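Remarks on the structure that follows.
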Amino acid sequence: MAEQEWPTKGPASYFPSIEKTYGKSIDHWMGVISALGDVRHMEKVAALKSEHGLGHGHANALVAWHKEHHAS
């Protein structure tokens, strides 16, 4: 499977590093964030950090992207 091309600016610029560092796809992380339900941005960031070991910048980028692209 070919590697996904992500924008070079904004939260998605972190995606190649996130996939490489944690060994999971961005789709996986979007599912994790969706499963957290209706909680505040920083609560989601905190959950990714404490429960999944992500760094703050990576967690924040994922949550920001999710908020922008998966809004109800």
Side-chain angles (χ1 to χ4, degrees):
M1 182 172 165
E3 189 171 317
Q4 173 80 29
E5 291 292 325
W6 297 104
T8 57
K9 293 182 179 182
S13 67
Y14 287 86
F15 288 1
S17 177
I18 292 168
E19 290 179 326
K20 182 178 180 182
T21 301
Y22 306 105
K24 304 218 183 279
S25 71
I26 298 305
D27 286 339
H28 166 81
W29 296 115
M30 292 300 114
V32 169
I33 295 167
S34 291
L36 293 172
D38 188 26
V39 297
R40 297 173 69 119
H41 179 101
M42 291 309 294
E43 291 175 273
K44 291 177 182 179
V45 170
L48 290 174
K49 291 168 61 177
S50 66
E51 297 172 23
H52 300 280
L54 273 70
H56 181 81
H58 286 164
N60 194 53
L62 288 167
V63 173
W65 178 268
H66 184 273
K67 182 178 180 179
E68 184 178 336
H69 294 90
H70 295 90
S72 339

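Quick caveat: nothing in here was measured; it's all calculated off a predicted structure. Just so it is clear, the values below take in all heavy atoms, side chains as well, and ignore hydrogens, waters and symmetry mates.
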Flag, side chain of Ser17 to backbone of Tyr14, donor-acceptor distance under 3.5 Å: no
Validation: residues 44-54 side-chain donor-acceptor distances under 3.5 Å, sequence neighbours left out:
from  : atom 1 : to    : atom 2 : distance (Å)
Lys49 : NZ     : His56 : ND1    : 3.3
Ser50 : OG     : Ala46 : O      : 3.0

Taking all non-hydrogen atoms of both residues, which atom of His70 and which atom of Met30 are closest, and how far apart? CE1-SD, 3.7 Å
If the condition is side chain to side chain contact (heavy atoms under 4.5 Å, CB included), which residues does Ser25 pass it with, not counting sequence neighbours? Glu19, Asp27, His28
Checking Thr21 now: which residues fulfil side chain to side chain donor-acceptor pair (under 3.5 Å) with it, not counting sequence neighbours? none
Would you check if Tyr22 and His58 make a side-chain contact, meaning some heavy-atom pair closer than 4.5 Å? yes
Looking only at heavy atoms, which two atoms of Pro11 and Ala61 are closest? And how far apart? CB-O, 3.4 Å
Please tabulate, for side-chain N and O atoms in residues 36-43, each donor-acceptor pair with protein atoms closer than 3.5 Å (sequence neighbours left out).
from  : atom 1 : to    : atom 2 : distance (Å)
His41 : NE2    : Asn60 : OD1    : 2.6
Glu43 : OE1    : Arg40 : N      : 3.0

Under the side chain to side chain contact (heavy atoms under 4.5 Å, CB included) criterion, do Leu62 and Val32 qualify, and how do the steps go? CA-CA 10 Å; Leu62 288 167; Val32 169; over 6 Å; no
Under 6.0 Å between ring centres: does that hold for Trp65 and Phe15? yes
